[in-house]
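First up is the structure itself, then whatever we jot down about it.
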Amino acid sequence: MKDSLDELFEKIMKARIFVNRDILRPDYIPDDLPHRENQILRLAETLVPVLKKSRPSNVFIYGMTGTGKTAVTKYVLNRINNEGRKKGIPLSIAYINCRHDDTNYRVLANLCETINIKVPFTGLSVSELFRRFVKALDASDKIMFVVLDEVDALVKKSGDRVLYDLTRINNQLNNAKVAIIGITNDLNFTEYLDPRVRSSLGEEELVFPPYNAVELEDILKQRAEKAFVEGAISPEVIKLCAAIAAKEHGDARRALDLLRVAGEIAEREGADKVVEEHVRKAQKEIEKDRVVEVIRSMPFHSKILVLSIYLLEKEKGKGHTTGEIYDVYSRLVKNFGLEPLTQRRISDLINELDMLGIVNTKIVSRGRYGRSKVASLTVPYTHLKEGLKEDPRMSHIL
DNA sequence: CGTCCACAGGAATGACGGGCGG
DNA sequence: CCGCCCGTCATTCCTGTGGACG
């Protein structure tokens with residue numbers, strides 16, 4: 001008696017594409033990071049004074065997404081931490097992703113958590129939080145690394161107050177010490193900073209250039225060796241993934257995703273090796289999943305906004321001003337029995353859609369006929385509809 | 001060459017729910 | 001329980017502006 005699940009299980013077991021697919025995930029940190037030897041060494045050099053119990057310089061790390069900033073940082077800190085443990089030097093490492101924790105409060109709350117003082121989600125004043133953090137940290141006599149990943153997101157959203165406080169924190173500490181490692185993919189980021197913060201945070205700077213196709217290929221090769229069953233992957237497929245990712249700012253994360261998803265597709269199809277076609281399919285699938293997920297998690301008004309742009313484009317082609325879009329949106333919202341948001345707010349929401357890569361916007365001046373922002377959808381309509389359809393309030397329209 | 005359109009986008013403010021410490 | 005502070009979402013009011021029209 002065999003049902004469809006049995007067949008599925010069998011197929012998965014038989015297909016044997018992967019040995020360990022987690023090796024291809026972006027948060028996996030391999031034992032060595034090809035083509036980053038330089039950065040590893042430089043970072044280690046600046047941080048190593050910690051092993052003699054003195055405070056290392058603050059470091060600022062620049063580089064586009066997927067250039068290995070996070071991996072290198074974690075790798076070096078791991079090594080230093082191990083070494084510190086051997087030597088009996090008490091270290092503490094806080095890793096904060098500022099895209100996730102993008103308010104002053106959440107950053108501090110996170111810091112408090114890593115030194116094991118419990119704090120509420122919200123409720124305390126920022127200065128109170130800071131006071132507690134300083135007190136608890138100083139009592140512990142540790143040297144603490146604070147890694148602020150994607151720190152530009154924090155500063156753009158909430159200002160550089162916490163950054164300023166953190167750079168000056170060592171003045172308030174008698175026993176403990178703090179070193180900050182700021183990571184950003186915005187190369188002009190320091191312009192947003194108070195000059196005092198800039199100089200103290202940028203004591204040491206490190207740049208991560210994008211990988212080129214050859215380097216990406218090495219990275220993929222190294223990971224694929226451990227991740228795939230022997231013979232399941234060919235050099236040509238790896239080359240293709242590397243080439244595709246190299247076109248998009250040399251993003252290693254993208255390259256790894258591509259390889260992993262291609263493998264998953266091959267496995268699903270019951271193939272015993274990954275071929276070019278799987279990579280092509282993976283490319284489409286990744287983009288589609290991204291779009292559907294983004295739209296699914298949007299608040300209702302944004303969904304209606306997307307729908308408005310879609311309807312406009314279907315009727316009149318691409319490229320519509322905020323005013324046009326707002327009119328359609330207003331009518332649509334009223335059909336749902338809701339009050340429309342103001343145009344000001346919609347303007348912000350359109351900017352958000354731009355950031356999310358759902359629409360493209362550019363400012364167009366029509367002289368006497370005003371100055372406006374023109375938006376067009378950048379994603380396939382089918383993806384978009386699929387995302388919208390998941391909302392029960394929306395499904396009857398599509 | 002000034003005007004003036006159709007907005008962009010900054011600043012201030014408020015409503016709201018969550019969560020503190022006392 | 002109260003008074004306070006938080007972040008988030010939204011509104012209101014506002015000043016700024018590129019360039020075709022006259």
Side-chain angles (χ1 to χ4, degrees), chain A residues 96-113 115-136 148 150-166 186 188 191-194 294-306 308-309 312 316 318-334 336-356 358-376 391 393:
Chain A
I96 299 172
N97 186 326
C98 300
R99 188 188 293 283
H100 182 238
D101 296 327
D102 60 358
T103 65
N104 294 335
Y105 189 94
R106 283 216 282 269
V107 168
L108 282 172
N110 205 317
L111 288 180
C112 289
E113 232 170 78
I115 56 171
N116 295 322
I117 44 178
K118 61 175 180 70
V119 289
F121 258 61
T122 168
L124 297 178
S125 81
V126 169
S127 45
E128 168 62 16
L129 212 52
F130 192 72
R131 210 181 53 75
R132 289 195 198 182
F133 173 64
V134 171
K135 197 175 158 207
L148 298 169
E150 308 201 53
V151 63
D152 45 326
L154 170 68
V155 173
K156 277 174 199 160
K157 185 133 186 292
S158 310
D160 55 8
R161 164 82 193 285
V162 168
L163 238 43
Y164 180 69
D165 288 343
L166 281 177
D186 181 350
N188 303 317
E191 287 168 19
Y192 295 91
L193 292 177
D194 182 305
V294 162
I295 290 182
R296 199 164 54 87
S297 58
M298 280 189 321
F300 194 52
H301 281 282
S302 295
K303 287 182 184 170
I304 296 181
L305 180 58
V306 172
S308 308
I309 303 173
L312 263 173
K316 303 187 198 163
K318 289 193 166 288
H320 298 278
T321 61
T322 307
E324 281 178 279
I325 295 169
Y326 185 70
D327 283 345
V328 176
Y329 156 82
S330 298
R331 262 182 285 140
L332 230 44
V333 170
K334 284 178 195 149
F336 279 103
L338 295 171
E339 278 304 298
L341 302 175
T342 57
Q343 182 157 331
R344 179 68 188 82
R345 180 68 186 134
I346 291 301
S347 168
D348 278 347
L349 292 184
I350 291 177
N351 285 339
E352 269 174 39
L353 293 181
D354 191 7
M355 296 264 286
L356 291 169
I358 303 292
V359 303
N360 242 333
T361 67
K362 65 175 172 211
I363 293 173
V364 171
S365 185
R366 301 193 212 280
R368 219 230 70 173
Y369 301 107
R371 192 163 173 263
S372 180
K373 182 175 278 190
V374 172
S376 332
D391 194 311
R393 290 167 290 188

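Chain letters run A, B, ... following the sequence lines, proteins first and then strands; every chain starts at 1.
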(Q) It should be established whether Lys373(A) places a side-chain nitrogen or oxygen under 4.0 Å from OP1 or OP2 of nucleotide dA6(B). (A) no
Q: Kindly write out the residues that satisfy salt bridge (Lys or Arg N to Asp or Glu O under 4.0 Å) with Glu150(A), not counting sequence neighbours, or none if the list is empty.
A: Arg99(A)
Q.
Quick test of your reading: applying salt bridge (Lys or Arg N to Asp or Glu O under 4.0 Å), list the pairs with at least one residue in residues 339-350 of chain A, sequence neighbours left out, ordered by first then second residue.
A. Arg344(A)-Asp348(A)
Q | Whole angstrom value for the distance that separates P of dA10(C) from CD1 of Ile304(A) | A | 12 Å
(Q) Holding to side-chain hydrogen bond (donor to acceptor under 3.5 Å, both in side chains), I want the full list of residues that pass it with Thr342(A), two or more places apart in sequence or in another chain. (A) none
Q: Show your working on side chain to side chain contact (heavy atoms under 4.5 Å, CB included) between Asp391(A) and Lys303(A) and close with a plain yes or no.
A: CA-CA 9 Å; Asp391(A) 194 311; Lys303(A) 287 182 184 170; 2.9 Å; yes
Q: Return yes if a side-chain donor-acceptor contact under 3.5 Å exists between Ser376(A) and Asn360(A), otherwise no.
A: no
Under 3.5 Å between N/O atoms: give me all the protein pairs with nucleotides 12-15 of chain B, atom names plus distance.
none

Q. Pick one: which of Val306(A), Leu312(A), Ile304(A) meets side chain to side chain contact (heavy atoms under 4.5 Å, CB included) with Ser308(A)?
A. Ile304(A)
Q: Could you work out which one of dA10(C), dC7(B), dG9(B) sits closest to the side chain of Ser372(A)?
A: dC7(B)
Q.
Within residues 319-328 of chain A, which residues have any heavy atom lying less than 4.0 Å from an atom of DNA chain C?
A. none
Q.
Under a 3.5 Å distance rule, please check whether Tyr329(A) uses its side chain to pair with a backbone N or O of Leu341(A) as donor and acceptor.
A. yes
Q: Please say whether more than 12 non-hydrogen atoms of neighbouring residues, nucleotides or ligands are located less than 6.0 Å from NZ in Lys135(A).
A: no
Q) Could you write nucleotides 11-19 of chain C as a row of B, S and -, 5' to 3', where a protein heavy atom under 4.0 Å of any base atom gives B, of only sugar-phosphate atoms gives S, and otherwise -? A) SBB--BBBB
